[in-house]
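See structure below.
Per chain, numbering begins at 1; letters A, B, ... match sequence-line order.
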Amino acid sequence: MTEAAQAEAEKIGAIMVVGGGVSGMQAALDLANSGFYVHLVERSGAIGGTMAQLDKTFPTNDCSMCIIAPKLVECGRHPNIKILTLAKILDVEGQEGNFTVRVKEYPRWVDPDKCIACGQCADQCPQAVEDRFNGDLAQRKAIYIKYPQAVPLKYQIDPDACLWLNNPGQCGLCARICPADAVNFADREQKQTIQVGAIIMAPGFQPFDPGTSQAWGFGRYPNVITSLQFERLLAPTGPTGGVVTRPSDGRPVRKIAFLQCVGSRDKNRCNNEYCSSVCCMAAIKEAMIAKEQLDQVEITIFHSDMRTHGKDFERFFIQAKVEYDINFVRTKIHGVEPQGNKGNLRLHYVNQQGKQVDQLVDLVILSVGLETPDSTLGLAERMGIHITPDRFASISAFMPVSSSKKGIFTCGAFNGPRDIPQSVIGGSAAAASASQLLAPARHTRTQASCTPHEVPQKANSPRTGVFICHCGSNIAGVVDVDELAAYAATLPDVIHVEQNPFTCAQDTQDYITQQIREKQLNRIVIAACTPQTHEPLFRRTLRAAGINEHLIEMANIRNQNAWVHKNEPARATIKAKDLIRMAVAKIAIQEPLYPLRIPVIPSALIIGGGVSGMTAALNLAGQGFKVDLVEKSTTLGGNALHLYQTWSGEHVPRYLKELQQQISQEPRVAIHFNTTVVASSGQAGHFKTTLRAGNGRKKSVDHGATIITTGGKRYIPSEFGYGQIPNVVASIEFDKLHMHNEIRVTQGKSFVFIQCVGSRNEKRPYCSKSCCTHSIQSAIKLKQEAPERRIYILYREIRTYGQRERIYNQARELGIIFINYELKGPPIIGEEGGRLLVSSRDHVLHRPLEIEADMVILATATLADPGSAELAKLFKLPLNQDGFFQEAHAKLRPVEFNTDGVFVAGLAHYPKPVEESISQALAAASKATTLLARESVELDAITAHVDPEFCDGCGICLEVCPYQAITLLATIDEQGEEHKIIEIDPALCKGCGICQGACPKRGVYITGFSYEQLLAQIDAALEPPKP
Amino acid sequence: MVYEVKVNELAEEFGVHRNTIRNWINSGTLPAQEGPGRRYLIQAEDYHRLCDKFGRKPKAFPAAQAINAPAQEQPTPQAPPVPIRLSLSSIHLFPDPALADCCVTCGSCAGACPIAGVDDLDPRKIIRMALLGLEEEILASDWPWKCTLCGRCEESCPANVKILELMRSIRGQRDRAKVPHPIQKGVTTCLEKGNNLGIPKDDFLQLVKGLGTELGETICPGFTTPVDVRGARLLVTVNSKEPFVQPRQLMWWWRIFYAAQESWTLSSENWEGVNWGFYSGDDSSMKTIVERIVDNMERLNCQALLLPECGHAYYATRYGLEKWFPESARKFKIYSIFDLLLEYLTAGRINLDPTIHNKLTTLHDSCNYGRKSLKAFGHGYFSEGRTIVQACCTKFREMIPNSGDSYCCGAGGGAWASPYAAERVFHGREKARQIKASGAKLVVTSCHNCKDQIAHSLAPEFNLEIEVKSLWELVAQALVPAS
């Protein structure tokens, strides 16, 4: 055996993920779902990370806990994920493919195998301390769970607070009353050694501590709080039950000020030169939620630049200004002072007109930045991972999840400050990279899930269990849940009714399983939220309990009731009763359904041969899957062909060349140049797609997964005299001129860059994300070549998010002058004596400016590819208002669609820089891998069925079916008469129900939505409620 | 148009005291005539001029009445402002990018500056003018001279722009003939005569000897004033204002030295401690004045230096020593008053009785000893002053904010001597507000300038019923004779 082959053979099919936040969880889940065993190491007592603390998430403002809970539960019960809590890495030895990691587990002092999380210990514990999870705004006991939905839901003892641990024999109340005898004061820390093939670092961040400078008054004035504390005040599960009042005296809040960039973009009061990327959006979100709750509240966000650069962020920003009447003032507040002794706070600033303003507020929210904790930096040093000057993991833009040490991957905020979608994408991307490294060892360490055999249900004897979710106060705050529970118990066939604070929490799943077994329930109604996000979770619970997973009905008493009728609690309670009654009626006649299994074709079709497409192709091929890469032009490279360098100065053309070379040498990738996609059918695991080559010849490709990486297009400006004045050029053209030392550039002495050309306007209310960075880089290069050059950048907001802020700082140090302009007053380009004259206004001096310029460079927008619409139709995918592909969920499923088996990455999704495209491409590859690594997929059992008694073959349904799943058959019966009847291909049918709606004769129905069930539901709806 | 206004309303609007408004009216800063019912009549344009001067947005008075208002007054058409031309010949005034280029225009400095808006300018605008090369305007502007160099702007600047250095540099580039007269006169007199006020050597010696004799005959038996004592441990400089105006104030320190049995001396020549070259931005004069102190140290063979007068004397001298005479700076120990007093206190060389002072006391942080020393020398004197004050009084309360975020008294940077009295008082409104909010009846300062401004300007302008003492006066009065 050669050395290389030996190393391949010794690779270990297990991975350690360090950090149980959303990024780490995503990496763990992707890997566990594609044939690897995962050790998920979490420093605290429960996974969930920062996201568990958030109230809502931008830009959709959906409940953070609600969307993270399914992931928490999935991690908690995945047979191939082992969670180690209260654990930290001591050291790492070995090399990629085979690491030995020493892990220290701190004592929990509660035996997790025994603890039933009944909470009696915490009720009795006499010692209360500040609750870190709630931002120290509330107290918890010395024995506690981190938060109500914690995974694992096991109590732990805080050794600093516990009386016994500090003075044995002194208290011990918890140990005495614990019914499970789980408290173990003899618990000791343990060390263990774990063998893994790769390590994924997702240790996350810590919020900046504003108490380090007294200027903000944090820690001195109770009404100065951090943005993270405010999340807890807004959260229904928080210390005030989601009611915002002044922390000093509990009085109503009338005026709120958000101070941005506290602990970010500051070299003076802290050493955090970078932009924390997320705080602008977080502040807008918090302001909106506060405004929804407190009608009269006046909110001002004080900022330096609003950085709303992500997908749909700019619309969110506009909405905040226009619909929510939130004030945005472009100034940094130097400090906070008290006004009087009643808790009021005074801000003094100079407004955009240059005038002095004193503003009194009663709540100041410090939008604190993100930083890497010292403990993480220490660990990184021990592991040999390089760190950037901003103290994040050092990564190449071309390998955005690979640390400087082979076999150790990084994701989440450790790679630089980033939001949830970027963290989720990073988690998947790291999983893809680890999966590629360890592909030979796939399925060597995993265990198959052991679902109990389904207990056959006796027909016609429904025993229904109703589980009513409080969803914190989301539901219970509006609906009278006790009355609802009492009512549900009176409904036919209802054997058991239960109320849960969070029905989606992991302990509730175990509890439901137990109730199903004990009470022999065979129909389950979950009165909670939407089946769209949560039904898969409950179905698995039913499976675990040994009953058919389709014997469940969800009554959406949150979205469709508590949320929309929050001002009419009495009527909302009545409506909740209606919804439950209907669900109970419908589920009673539900039959068990069984899915169809189809084999998976282990190959992928990737549409678009840019950087994203090539990255995904190489990753999948490296994992052993076959790839068909379709490129409409004759070269690979896409938009990156026009790029010169990444923000960190890495050379793009060289990288592209390497990619092209690798891909041409990769036998598993078939490249189809000059080719487009013309038709596609099938479903996840089993697609058949027709390609058309340039010569018109068609061929068809079978594949299990599809990845769309069709890229974007650049905007051709009609403004600023582009196309008419020769020295007004677009940035990409300028790069070319610059690269080729064109005379206008080499002899030019004065250059003016104009930002946001075609972006952030009425027609395209989105930010093109990479142009600020791009222009600043060009400007720096010009200035470095000849320092006497005059360079001006006319901008609306400089959006050098994350560690890019460094180049913005560098540009100013080099003497590049930045001038702000507003959408309503764009610069005007004129000519004077053969030179260009750019007129604008100075935003500081409030005086008109005239700039003599040799060249004007327009930073033009990135547009959606016009071909996207066609492709979207082919694969039945949605586009957003701007023509970009709309992912299934901005946070949870950032590279997926509701159509399974199709994924998106790169500019097709939204404008972004190269490293984010690569990251997203890897994430798409990871998602494809979870599908392709399986032998077969189960098709949804909810499909259309023909009722031969009623179908007369009229064929109306054939025309309406969007999936071409229906065909017409003609049969001859014994009497020799011809009968027409339809036939449905269960593999093609998506169960959408259009045929059922169109059928005039009840000849076709969808399982789970039969006519009887719908009628039962309607009857129940119309039935007058009992008094 | 004429507005009928009340003094209270204007005071509230401008954030100053009623007396300040009255003083403006009396001095003609705000032309007004007395109207009916304790109201004043002011011309709309005078009001708007005042708003412009202090950078305030003009407010329509709901309570005020416009009298004789013509139906529709046409605003006088203003010529459109001349655009700033940015061309290749635009000058780059300051080669160090940290003086202007680094600015991110966030506005933090302007918000922190108590006189932002005065003359429609603020630190950010000055930085911007420097960046855009508006040389003539920036040198012609009085704003950098109205600035007290208090450093609140710099303390809050996230980009670490050296705003104070910029202001000094602008001051330094102005034609010397256009430097505010009292400042320039102080510098030239000091260079010619050895002290800012030109006190002749004989007069000075007669005065200090006489005071010494008086002290020796009364409180400090055996005391004589040490002048030119070679080999004394400590050289002590003098602020010429003291012998000139309040010579008896000199004795506070002498009493402390006596109690601590200090070996110290005055110099008969070039005894001035203050250094207005620092204010005028004139490095060469500043250096000469520092050099004279170095010469005195060498001539008298002293080991340590105390600049007891004033925050700026300490700051400017130490700054100059470190910049131009680094060897001397290493050789001599440079005491701040805090270092020395605390040394006496902890070594038990002086004993203090706090019950001497029973009024509620607060401490005003000098910008030079505090915020600016922290930035320039790595240590700000915050806690030391508090330890000393609390050893001398029974009731102490902080002003908010304090220490590094403290407000300037309004008279720093040469403002006490400069002709911009209205701006100086306007600046001091913040300090006055702080003092009032603290409820303190005794304000302790560690700097002459601050003391003068608070006692002689802010107290009458803002009706502050307070007593103001220097730190050394406080200590001297609390001295307990060694048993």
Side-chain angles (χ1 to χ4, degrees), chain A residues 213-215 217 220 261 264-270 273 303-305 330-335 337-338 340-341 347-358 749-750 788 790 792 798 808-809 812-818 820 838-839 841-853, chain B residues 15 51 54-58 80-90 92 95 97-98 100-114 116-118 120-122 124-125 127-129 131-132 134 152-161 400-405 430 434 437:
Chain A
S213 165
Q214 55 170 320
R220 313 171 113 205
C261 298
S264 310
R265 300 182 68 188
D266 193 336
K267 297 199 245 186
N268 181 5
R269 285 179 177 162
C270 59
E273 204 176 315
H303 64 94
S304 295
D305 296 281
R330 193 193 195 95
T331 190
K332 191 170 163 117
I333 299 289
H334 69 281
E337 285 179 29
N341 50 12
L347 306 176
H348 180 241
Y349 63 93
V350 170
N351 69 9
Q352 270 135 303
Q353 286 72 43
K355 302 295 177 201
Q356 299 208 68
V357 184
D358 268 323
K749 293 269 179 277
S750 173
E788 71 280 3
R790 302 299 168 107
Y792 307 89
I798 288 292
Y808 180 29
N809 289 339
R812 295 196 319 279
E813 269 164 43
L814 287 170
I816 294 163
I817 294 178
F818 288 81
N820 185 240
V838 182
S839 306
R841 274 185 81 77
D842 188 70
H843 65 290
V844 177
L845 298 176
H846 305 288
R847 281 159 62 178
L849 283 176
E850 285 172 353
I851 309 168
E852 293 175 8
Chain B
C51 287
F54 290 98
R56 294 252 149 201
K57 205 169 145 190
V82 181
I84 299 168
R85 180 56 80 108
L86 299 176
S87 68
L88 289 177
S89 53
S90 302
H92 203 109
D101 304 54
C102 286
C103 173
V104 68
T105 69
C106 69
S108 196
C109 54
C113 175
V118 164
D120 204 20
L121 288 172
D122 57 47
R124 176 169 59 162
K125 285 185 173 171
I127 295 167
R128 193 71 177 172
M129 286 160 77
L131 177 68
L132 299 181
L134 307 181
R152 269 176 66 84
C153 48
E154 234 180 58
E155 197 270 331
S156 74
C157 175
N160 280 341
V161 176
I400 296 170
N402 54 56
S403 306
D405 300 314
E430 299 283 9
Q434 278 192 291

Is it the backbone or the side chain of [X] that comes under 4.5 Å from a heavy atom of chain B, or both, or neither?
| X | answer |
| --- | --- |
| E337(A) | side chain |
| R269(A) | side chain |
| H846(A) | side chain |
| D305(A) | neither |

Would L131(B) and V844(A) satisfy side-chain contact (heavy atoms from CB on, under 4.5 Å), going step by step from the backbone distance to the final call?
-> CA-CA 11 Å; L131(B) 177 68; V844(A) 177; over 6 Å; no

Start with the C-alpha distance between I851(A) and I817(A), add both sets of side-chain angles, then the distance that settles side-chain contact (heavy atoms from CB on, under 4.5 Å), and finish with yes or no.
-> CA-CA 11 Å; I851(A) 309 168; I817(A) 294 178; over 6 Å; no

Identify the residue among C103(B), C109(B), C153(B), P97(B) that makes a side chain to side chain contact (heavy atoms under 4.5 Å, CB included) with V161(B).
-> C103(B)

Working to the nearest 0.5 Å, report the span between OG1 of T331(A) and OH of Y349(A).
-> 8.5 Å

Region of [X] that comes under 4.5 Å of a non-hydrogen atom in chain A:
| X | answer |
| --- | --- |
| Q434(B) | neither |
| E155(B) | both |
| A437(B) | neither |
| I127(B) | neither |

Please tell me if the side chains of C113(B) and D122(B) come closer than 4.5 Å, counting only heavy atoms from C-beta onward.
-> no

Trace of the side-chain contact (heavy atoms from CB on, under 4.5 Å) decision for K125(B) with D120(B) | CA-CA 9 Å; K125(B) 285 185 173 171; D120(B) 204 20; 3.5 Å; yes

Heavy-atom pairs under 4.5 Å with chain B: which of [options] has the most?
| options | answer |
| --- | --- |
| H843(A), R812(A), R220(A) | R812(A) |
| E813(A), R847(A), R265(A), Q353(A) | R847(A) |
| I798(A), D266(A), L814(A) | D266(A) |
| H303(A), H348(A), R790(A) | R790(A) |

Go through the steps for N820(A) and T105(B) under the test side-chain contact (heavy atoms from CB on, under 4.5 Å), then give the verdict.
-> CA-CA 10 Å; N820(A) 185 240; T105(B) 69; over 6 Å; no

Taking K332(A) for the side chain and C261(A) for the main chain, is one N or O donor matched with an acceptor at less than 3.5 Å?
-> yes

Quick one: does S750(A)'s side chain have a donor or acceptor within less than 3.5 Å of a partner on E852(A)'s backbone?
-> yes

Of all of C157(B), A159(B), S403(B), G117(B), which one pairs up most often with chain A through heavy atoms under 4.5 Å apart?
-> C157(B)

